[in-house]
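This report concerns only the one structure given below.
No experiment lies behind these values; they were computed from the predicted model shown.
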Amino acid sequence: MRAGWLIGVAMLAVAPLASAQSADYDFAYRYPAQAARIAPLKAWLEADKAKQRAMIARDAATSRREAKRDGFPFRKYEAQKEWKVVADTQRFLSLSVSDYNYSGGAHGGTASGGLLWDKRAGRRVDPKAVFVSPAALQAAVMPGWCRWMSAERTRRVGAVAGGDAVFGKCPPVKDVTVLLGSSNGRAFDRIGVIADQYVVGSYAEGQYEHTLPVTTAVLRAVKAEYRGSFVTR
């Protein structure tokens, strides 16, 4: 997953995998050692882990009762959530997350996400919140990403005669995951954008993920208080 993002940090240790199994569900949750060393971030991740496990236990138990009542076979639930380091700079720890869930249907679903820990302020920050506005981020990043996506989608599924009325449109930035990465461990110099299944393509097409360099236009879209943590490439 995102091997290119993990240059310089891929070999660092990860925290032990937390897992649980029952007749109703399989559950797994993992976050990296860098996050475990930050006490308030670790506390938040542990609370999220407990919340996710309670949720799947409740939903799976409900589904089992309903299946028995209605005479249908019960399919065991599954939830896996894994956080990984994207970049670890002097000010920020940038994390990605992959969240897989299966709840008895034809197939499971995977969702992506990102998180910044501001070491200076001691708080979590949405990666999109370091930009002056969604419109500014959209204008600076999405045109280049969408050109790549259009070409990549043609490679994956071929040209659609008459155009595609459902998929293939350039998505608003609110519908994609934004990850901030660094090639040198000192400042953010690249931006990853991930469109999950159904955002720009069908389930079978998978996620669309592409990395873009931080340009002057991107830098102008960053809030002044965070601009010192970025550098152009």
Rounded to the nearest 0.5 Å, how far apart are NE2 of H210 and CZ of R147?
9.5 Å

Can you find a heavy atom in the side chain of F131 that is under 4.5 Å from one in the side chain of Y226?
no

Is it true that atom CD of Q90 has more than 12 heavy atoms of other residues, nucleotides or ligands lying nearer than 6.0 Å?
no

Is a donor on one side and an acceptor on the other found under 3.5 Å between the side chain of D26 and the backbone of E78?
no

Quick check: does any side chain N or O of R30 sit under 3.5 Å from a backbone N or O of Q80, one acting as donor and the other as acceptor?
no

All heavy atoms of M142 vs all of V193, minimum pair found to be SD-CG1, 4.2 Å

Determine whether a donor-acceptor pair (N or O, by modelled atom type, separation under 3.5 Å) exists between the side chain of Y203 and the backbone of G109.
no

Are R156 and Y208 in a cation-pi setup, meaning NZ or CZ lies under 6.0 angstrom from the ring centre and within 45 degrees of the ring axis?
yes

Would you find a donor on one side and an acceptor on the other, under 3.5 Å apart, between the side chain of T89 and the backbone of G185?
no

Can any side-chain N or O of K128 pair as donor or acceptor with the backbone N or O of T177 at less than 3.5 Å?
no

D88 bridged to K119 by N-O distance under 4.0 Å:
yes

Nearest 0.5 Å, please: how far is CG in L212 from CH2 in W148?
9.5 Å

D196 side chain vs V199 backbone, donor-acceptor pair below 3.5 Å:
no

For the residue pair G113 and L179, what are the closest heavy atoms and their distance?
O-CD2, 3.6 Å

Sub-4.5 Å side-chain heavy-atom contact between L116 and D126
no

Between K76 and D24, is the closest basic N to carboxylate O distance under 4.0 Å?
no

Identify whether Y29 and V97 are in the same connected component of the hydrophobic contact network (ILVMFWY, side-chain heavy atoms under 4.5 Å).
yes

Tell me if the aromatic rings of H107 and Y102 count as close, with their centers under 6.0 Å from one another.
no

For A140 and A217, which heavy atoms make the closest approach, and how far apart are they?
CB-O, 3.8 Å

Option passing side chain to side chain donor-acceptor pair (under 3.5 Å) with Y31 (candidates E46, K49, K84):
E46

Test side-chain contact (heavy atoms from CB on, under 4.5 Å) on V176 and I194 and set out the steps.
CA-CA 6 Å; V176 300; I194 305 172; over 6 Å; no

Validation row: Y25, R53 side chains within 4.5 angstrom (heavy atoms)
yes

Please evaluate residues E205 and S202 with respect to the criterion side-chain hydrogen bond (donor to acceptor under 3.5 Å, both in side chains), reporting the C-alpha separation (whole Å), side-chain torsions for both, the decisive distance (0.1 Å), and the verdict.
CA-CA 5 Å; E205 292 172 53; S202 66; 3.2 Å; yes

Any idea which heavy atoms bring T232 and T216 closest together, and the distance?
CG2-N, 3.8 Å

Quick one, L95 and P32 - any side-chain contact, counting heavy atoms below 4.5 Å?
yes

Kindly compute the distance separating OG (S19) from CZ (F27), expressed to the nearest 0.5 Å.
9.0 Å

With heavy-atom distances below 4.5 Å as the criterion, would you say the side chains of V178 and I191 are in contact?
yes

May I ask whether V173 and V125 are part of the same hydrophobic cluster, defined by side-chain heavy atoms of I, L, V, M, F, W, Y residues being less than 4.5 angstrom apart, directly or through others?
yes

Is atom CZ of R227 surrounded by more than 12 heavy atoms (other residues, nucleotides or ligands) closer than 6.0 Å?
yes

Any donor and acceptor pair, going by atom type alone, linking the side chain of Q138 with main-chain N or O of P171 inside 3.5 Å?
yes

Rounded to the nearest 0.5 Å, what separation is found between the CG atom of L41 and the CG atom of L93?
6.5 Å

Please give me the minimum heavy-atom distance between Y77 and S63, naming the atom from each residue.
OH-CB, 3.2 Å

Could you check whether atom CZ of F72 has more than 12 heavy atoms from other residues, nucleotides or ligands sitting under 6.0 Å from it?
no

Atom of K169, atom of V200 and distance for their closest heavy-atom approach
O-CG1, 3.5 Å

Determine whether a donor-acceptor pair (N or O, by modelled atom type, separation under 3.5 Å) exists between the side chain of R120 and the backbone of R91.
no

Could you tell me whether D118 and R124 make a salt bridge, using a distance below 4.0 angstrom between a side-chain N and a carboxylate O?
no

Under 3.5 Å, side chain of T62 to main-chain N/O of R58, donor-acceptor pair present?
yes

Using the rule given for side-chain contact (heavy atoms from CB on, under 4.5 Å), can you reason through V214 versus V231, listing the C-alpha separation, both sets of side-chain angles and the distance that settles it, and then say yes or no?
CA-CA 7 Å; V214 170; V231 65; over 6 Å; no

NZ of K223: more than 12 outside heavy atoms within 6.0 angstrom?
yes

Would you check, one step at a time, whether the test side-chain hydrogen bond (donor to acceptor under 3.5 Å, both in side chains) holds for D189 with S183?
CA-CA 7 Å; D189 60 4; S183 63; 2.4 Å; yes

Please lay out, stage by stage, how D48 and K81 fare under the test side-chain contact (heavy atoms from CB on, under 4.5 Å).
CA-CA 10 Å; D48 183 57; K81 192 166 187 177; 2.9 Å; yes

Rounded distance (nearest 0.5 Å) linking atom CD of Q52 with atom CG of D99
6.0 Å

Among F188, F230, W117, which residue satisfies the ring-ring contact (aromatic ring centres under 6.0 Å, His included) criterion with F92?
F188

Rounded distance (nearest 0.5 Å) linking atom OG of S112 with atom OH of Y100:
16.0 Å

Assess whether side-chain contact (heavy atoms from CB on, under 4.5 Å) is satisfied between R190 and S182, documenting all intermediate values.
CA-CA 6 Å; R190 52 189 181 180; S182 173; 5.8 Å; no

